[in-house]
Asker: 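Shown below is the structure under consideration.
Only heavy atoms go into these numbers, but all of them, side chains included; no hydrogens, no water, no symmetry mates.
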Amino acid sequence: SGVTNGEERLLIPGVAALQYVSSPEHRLLGKDLDPVVGPNIGRYGHNLTISCLSCNRSHLTLRLLESLERRVPFFKGEFLVVDNGSAPAELERLEAAAAKSPLRVRIVRLGENFGVGGGRNRTMPHLTTEWVLFLDNDIYLTGDPFLQIQEAIATL
C-alpha cells in the first residue's frame, strides 16, 4: 500500500512518511543554550516561573511550595502564587510562608475569583521569565523534574 520513492513512502498523493531520527544530544543544538545552565528553562529553572492559583486553600499551595523547597532546594526560578480572591486569613498564611521561604516567592492578588482559565490568563502579564509551568495547588513534587523537562523541551 503506497508507492516507494527513495526513502519516502507515499501514503496518498501529496502525503509521505519520512524516517525521523532523534537524539538527546539534539538539546545541545539549541540557540538558547547557555554554557552554564543549559537551554530553555535552565538546569534549576533559572528561566522558569512555577505558577499556581490559590483560593482559600492555602494549605495546598504551601504543600506545593514546601515540596519544591525540599525536592529542588537549588531552584533559581520564581514561585508565583496567583490568588483568586482568598479570604484575608488565607492570604496572611501565604505571605508569612513566602517571607520565610529560601526560594523566590511572589504573590499576585486578583481580588476576586476568575476561575481556573481566567486566573491563568491573568497570570501572564505578571511573568518575568520566558517559561511558565502551571501547576494546580493540589500537586506536589516527589523529586526534581527539571533536568528531564529541560532535556525534553530542548530535544523537541
Asker: Ser58 side chain to Leu94 main-chain N or O, any donor-acceptor pair under 3.5 Å?
Answerer: no
Asker: Can you name the nearest heavy-atom pair linking Ser54 to Ser86, along with the distance?
Answerer: O-OG, 3.8 Å
Asker: Starting at CG of Leu65, measure out to CG of Leu60 and round the result to the nearest 0.5 Å.
Answerer: 12.5 Å
Asker: Do Glu69 and Glu66 have side chains that approach each other closer than 4.5 Å (heavy atoms only, starting at C-beta)?
Answerer: yes
Asker: With the side chain counted from C-beta on, respond yes when Lys76 and Arg43 share a heavy-atom pair under 4.5 Å apart, and no when they do not.
Answerer: no
Asker: For Val72 versus Gly143, what's the shortest heavy-atom pair and its separation?
Answerer: CG2-O, 4.4 Å
Asker: Atom CD1 of Ile107 and atom CZ of Phe79: how far apart are they, to the nearest 0.5 Å?
Answerer: 9.5 Å
Asker: Working to the nearest 0.5 Å, report the span between CD1 of Ile50 and CZ of Arg104.
Answerer: 11.0 Å
Asker: Residues sharing Leu110's hydrophobic cluster, by side-chain heavy-atom contacts under 4.5 Å among ILVMFWY, directly or via others?
Answerer: Leu53, Leu80, Val82, Val108, Phe114, Val116, Met124, Leu127, Val132, Phe134
Asker: Are Leu135 and Leu103 linked, directly or through intermediate hydrophobic residues, by side-chain heavy-atom contacts shorter than 4.5 Å (ILVMFWY only)?
Answerer: yes
Asker: Looking at Gly118, is its backbone amide N or carbonyl O close enough to the side chain of Arg122 to form a donor-acceptor pair, meaning the two atoms are under 3.5 Å apart?
Answerer: yes
Asker: Report the distance from atom CG of Leu48 to atom CD of Glu130, rounding to the nearest 0.5 Å.
Answerer: 11.5 Å
Asker: Counting only N and O atoms by type, is there a donor-acceptor contact under 3.5 Å from the side chain of Thr49 to the main-chain atoms of Ser51?
Answerer: no
Asker: Would you find a donor on one side and an acceptor on the other, under 3.5 Å apart, between the side chain of Asn40 and the backbone of Gln150?
Answerer: yes
Asker: What is the ring orientation for Phe146 with Phe75, classed by angle as parallel under 30°, tilted 30 to 60°, or perpendicular over 60°?
Answerer: parallel
Asker: On a heavy-atom basis, which atom in Ala154 and which in Pro39 lie closest, and how many Å separate them?
Answerer: CB-CG, 3.7 Å
Asker: Asp136 pairs by salt bridge (charged side-chain N to carboxylate O under 4.0 Å, His left out) with which of Arg63, Arg120, Arg57?
Answerer: Arg120
Asker: Answer yes or no: is there a donor N or O on one side and an acceptor on the other, between the side chain of Asn137 and the main chain of Leu64, under 3.5 Å?
Answerer: no
Asker: Output all residues satisfying side chain to side chain donor-acceptor pair (under 3.5 Å) with Asn113, sequence neighbours left out; order by chain, then residue number.
Answerer: Asn84
Asker: May I have all residue pairs that pass salt bridge (charged side-chain N to carboxylate O under 4.0 Å, His left out) and include part of residues 80-89, sequence neighbours excluded?
Answerer: none
